[in-house]
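It should be emphasised that the depicted structure is a prediction, and the values quoted were computed from it without experimental measurement. Note that ligands are numbered from 1 as they come in the structure, with each ligand's atoms numbered from 1 the same way.
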Amino acid sequence: MDYGFDIRALIDKALVAQKAAYVPYSGFRVGAALLTEDDKTYTGCNIENAAYSPTNCAERTAFFKAVSEGERAFKAIAVTGGEKNDKGVYCSPCGVCRQVMLEFCNPDTFLVILANSTDDYKVFKLAELIPYAFRKTNLNTSK
Ligand code: THU
């Protein structure tokens with residue numbers, strides 16, 4: 001299936017980013033590669049903390065890097081995580097990361113690619129991963 005960009009190249013970038021994961025507590029490495037509307041890529045890894053709750057997931061690292069550089073429009077994110085997953089079993093974004101994606105992305109077009117390798121991946125629309133979500137439109141009942 002042609003999505004208009006190179007899915008395998010994006011997965012490769014997530015796999016490289018995964019290597020930088022700072023995970024002294026869980027040992028669970030996650031990588032992400034976020035593709036902007038104009039085809040730039042921002043990568044991220046998970047960054048853990050001794051106090052646990054300050055931990056930042058790989059997906060949010062990628063989003064926050066991109067948004068802090070002025071990016072606002074995105075096509076897709078590839079996520080890789082875990083060292084030896086079975087084929088078809090993927091690291092899937094947590095609820096907080098799904099909510100962050102929703103802040104900046106159209107859920108009907110933004111693609112979330114869950115991957116173990118360039119030939120073991122599954123593509124979702126964000127809407128499938130966060131149905132009936134709380135959105136900015138909920139904040140203004142007159143809209
Ligand atoms: N984690 C991510 O970075 N992304 C996910 O999609 C799921 C979980 C991280 C958080 C924590 O550092 C480790 O994986 C175990 O939960």
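Side-chain heavy atoms closer than 4.5 Å link hydrophobic residues (I, L, V, M, F, W, Y) into clusters, and following such links, even through other members, never connects Leu35 to Val112. Follow the hydrophobic side-chain contacts under 4.5 Å out from Val79 and you never reach Tyr3; the two are in separate clusters. Taking hydrophobic clusters as Ile, Leu, Val, Met, Phe, Trp and Tyr residues chained together by side-chain heavy-atom distances below 4.5 Å, Tyr25 does not share a cluster with Val30.
When distances from atom 14 (O) of ligand 1 to the protein are checked, a heavy atom turns up under 4.0 Å.
When the shell of 6.0 Å around NZ of Lys125 is examined, it contains 12 or fewer heavy atoms from other residues, nucleotides or ligands.
Residue, atom and distance of the protein heavy atom nearest to atom 9 (C) of ligand 1 are Asn46 ND2, 3.4 Å. Scanning all protein heavy atoms for the shortest distance to atom 8 (C) of ligand 1 gives Cys57 SG, 4.2 Å. In this structure, the protein non-hydrogen atom closest to atom 16 (O) of ligand 1 is Phe28 CD2, 4.9 Å. Regarding atom 4 (N) of ligand 1, its nearest protein heavy-atom neighbour is Glu59 OE1, 2.9 Å.
In this structure, Phe28 CZ and Asn46 CG are separated by 8.0 Å, a value rounded to the nearest 0.5 Å.
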Throw together a table of side-chain donor-acceptor distances under 3.5 angstrom for residues 14-23, partners on residues two or more places apart or in other chains.
from	atom 1	to	atom 2	distance (Å)
Gln18	OE1	Thr80	OG1	2.6
Gln18	NE2	Arg29	O	3.3
Gln18	NE2	Gly82	O	3.4

For residues 93-108, dump all side-chain donor-acceptor pairs below 3.5 Å to protein atoms at least two apart in sequence or in another chain.
from	atom 1	to	atom 2	distance (Å)
Arg98	NE	Pro93	O	2.7
Arg98	NH1	Leu129	O	2.8
Arg98	NH2	Ser92	OG	2.9
Arg98	NH2	Pro93	O	2.9
Gln99	NE2	Phe134	O	2.8
Asn106	OD1	Asp108	N	2.8

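Partner Tyr90 forms a side-chain hydrogen bond (donor to acceptor under 3.5 Å, both in side chains) with one of Asn85, Asp120, Asn116 and no other, that one being Asp120.
Taking every non-hydrogen atom of Glu48 and a distance limit under 4.0 Å, the qualifying atoms of ligand 1 come out as 11 (C), 12 (O), 13 (C). Interface of Ser92 with ligand 1, defined as ligand atoms under 4.0 Å from a residue heavy atom, comprises 6 (O). Shown in contact with Pro93 at under 4.0 Å from a heavy atom are these atoms of ligand 1, numbered in order with element: 6 (O).
Checking only distances, Ala58 does come within under 3.5 Å of ligand 1, N or O to N or O.
Put simply, part of Thr55 is less than 4.0 Å from ligand 1, judged by heavy atoms. For Cys91, the closest heavy-atom approach to ligand 1 falls below 4.0 Å. Put simply, no part of Cys45 is less than 4.0 Å from ligand 1, judged by heavy atoms. Under a 4.0 angstrom heavy-atom cut-off, Cys97 registers as lying outside contact with ligand 1.
Looking at Tyr42 and Glu71, their side chains do bring a donor and an acceptor atom within 3.5 Å of each other.
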